[in-house]
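Written below as structure tokens is the structure these notes are about.
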Protein chains: 2
Amino acid sequence: MCQTPVVNRELLDVPFLLLSAARALVDGIDAGVRARGFTDIRPAHGYAFARISGTGATVVQLAEHLDVTKQAASQMVDDLVRKGYVERHPHPDDARAKLITLTARGIACTRAAEEAATEVLEPWAARLGPQRLAALRTDLTGLATPGRLRPTW
Amino acid sequence: MCQTPVVNRELLDVPFLLLSAARALVDGIDAGVRARGFTDIRPAHGYAFARISGTGATVVQLAEHLDVTKQAASQMVDDLVRKGYVERHPHPDDARAKLITLTARGIACTRAAEEAATEVLEPWAARLGPQRLAALRTDLTGLATPGRLRPTW
DNA sequence: CTATGTAGTCAAGCTGCTTGACTAAAACTG
DNA sequence: CAGTTTTAGTCAAGCAGCTTGACTACATAG
């Protein structure tokens, strides 16, 4: 017994490390967004904003991006409409569909999130330096299923 | 406009990259655990097992580890007891408390999870090499709030 | 022009969490 | 050591966010 190589033990807490880092980041950004006055928004909404931002998105597109059912996405849109962050417009190309777009408030919130993210990431990235940052990005990309949960911006 | 430095754009998708990697890992491990016959277990239970494993844990300790209320932790223990993964014993040092420990089935499941994790991580770690792996671990640790969501093993 | 597929919503239900209230035991405190 | 406060755990009720199922309106393929 006790013949398990050290590499394994160290390898096995990579998932915890990753989760821990991701959570710390999300919590930090969320705190920054709240501090900027957007208190009725949760991290999950950020992923929605990322997809809606720019040209807008349909409910189905949003559902795919968030990996939930279209009903769940529709409910989230209801919520965001009620809170004034997004709007439903008739879709220019498809009378069945609706184009969800950010309101001014939604755009302001997105900016706040970007500021908060920069605030959290900048000092860490500075300590790392551009070289290690690039390496980390490459290595993480290799770990992630390509294209999943990526932002549209 | 358009004067935002490139560094910022690249920095801003680090959270997405991290989340994406973490999710891919968790999904992969979960699939491996299911493939080994433990189909009534979800990733969240893995974090519970990690804390219970070894000397065992109380409900309150588990709650702290999972960052939920003690009621939620107690409900999860109910569930795991019903499924045969853990047991409640009287605590040797405190008559109020109960010591939660893994059953044989719980230990087997933990082993399955370690196997699954190794299976997912090994090829990726091999491609990286020990040097970059060490660097990545260091950099992620710097990002994570120290000590959070760490395993006890 | 009919048949099949797709976008979105309504409705009901479930799961996993929360808050609040409580019991029993431990740990302070004067 | 009696009295107070804190801590471990549970019961109960409620809520948020998701699911499945059923449906309407429009699009598209044959």
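Chain A is the first sequence line, chain B the second, and so forth, proteins listed ahead of strands; every chain is numbered from 1. For clarity, every value in this text was computed on a predicted model and none was experimentally measured.
Contact annotation: B/R88 does not reach the phosphate of D/dA8 (side-chain N/O to OP1 or OP2, under 4.0 Å). Within the 4.0 Å cut-off from OP1 or OP2 of C/dA7, not a single side-chain nitrogen or oxygen of A/T58 is found.
What separates CZ of B/R42 from P of C/dT15 is a distance of 11 Å, to the nearest Å. Residue B/I41 contributes atom CD1, which lies 15 Å from atom C1' of C/dG16 at whole-angstrom precision. For B/H91 and D/dT7, the NE2 to P distance is 16 Å, given to the nearest whole Å. Straight-line distance from the CG atom of B/D94 to the C1' atom of D/dT7: 8 Å, rounded to whole Å. Rounded to whole Å, the distance from NZ on A/K98 to P on D/dA27 is 14 Å. Between A/Y47 atom OH and D/dG17 atom P there is a gap of 15 Å when expressed in whole angstrom units. Atom NZ in B/K83 sits about 11 Å away from atom C1' in C/dT15, given to the nearest Å. A straight line from CG of B/D79 to C1' of D/dT10 spans 16 Å, rounded to a whole angstrom.
For B/V60, the side-chain atoms get nearest to D/dA8 when compared with the rest of D/dA8, C/dG8, C/dC17. Comparing atom distances between the A/T69 side chain and each of C/dT18, D/dG17, D/dT20 picks out D/dT20 as nearest. Closest to the side chain of B/A95, out of C/dT18, C/dG8, C/dA25, is C/dA25. Among D/dT19, D/dG9, C/dT19, the nucleotide with an atom closest to any side-chain atom of B/K70 is D/dG9. Of the candidate nucleotides C/dG8, D/dC18, D/dA8, C/dG8 has the atom nearest to the side chain of A/A97.
Counting only distance, with no hydrogens or angles, the side chain of A/R34 and the backbone of A/T39 share a donor-acceptor pair below 3.5 Å. Between the side chain of A/Q61 and the backbone N or O of A/T58 there is at least one donor-acceptor pair closer than 3.5 Å.
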Are there any protein N/O atoms within less than 3.5 Å of an N/O atom in nucleotides 1-5 of chain C, and if so, which ones and at what distance?
unit_1	atom_1	unit_2	atom_2	d
C/dG5	N2	A/R96	NH1	2.9

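Interface remark: the B/Q75 side chain does not form any donor-acceptor pair with the D/dT10 base, using a distance-only criterion of under 3.5 Å.
Using a cut-off of 4.0 Å between Lys/Arg side-chain N and Asp/Glu carboxylate O, B/D139 and A/R132 are scored as salt-bridged. Ion pair B/D78/B/R82 not flagged as a salt bridge, since none of the NZ, NE, NH1 or NH2 atoms sits closer than 4.0 Å to an Asp/Glu carboxylate oxygen. Salt-bridge check for B/R36 with B/E119: passed, with a basic side-chain N closer than 4.0 Å to an acidic carboxylate O.
The heavy-atom pair separating B/G56 from B/T101 by the smallest distance is CA-CG2, 4.3 Å.
Just one residue in the list B/D79, B/T110, B/D40 forms a side chain to side chain donor-acceptor pair (under 3.5 Å) with B/Y85, and that residue is B/D40.
Map A/D93 and A/Q71 each onto its nearest nucleotide of DNA chain D; the residue landing nearer the 5' end is A/Q71.
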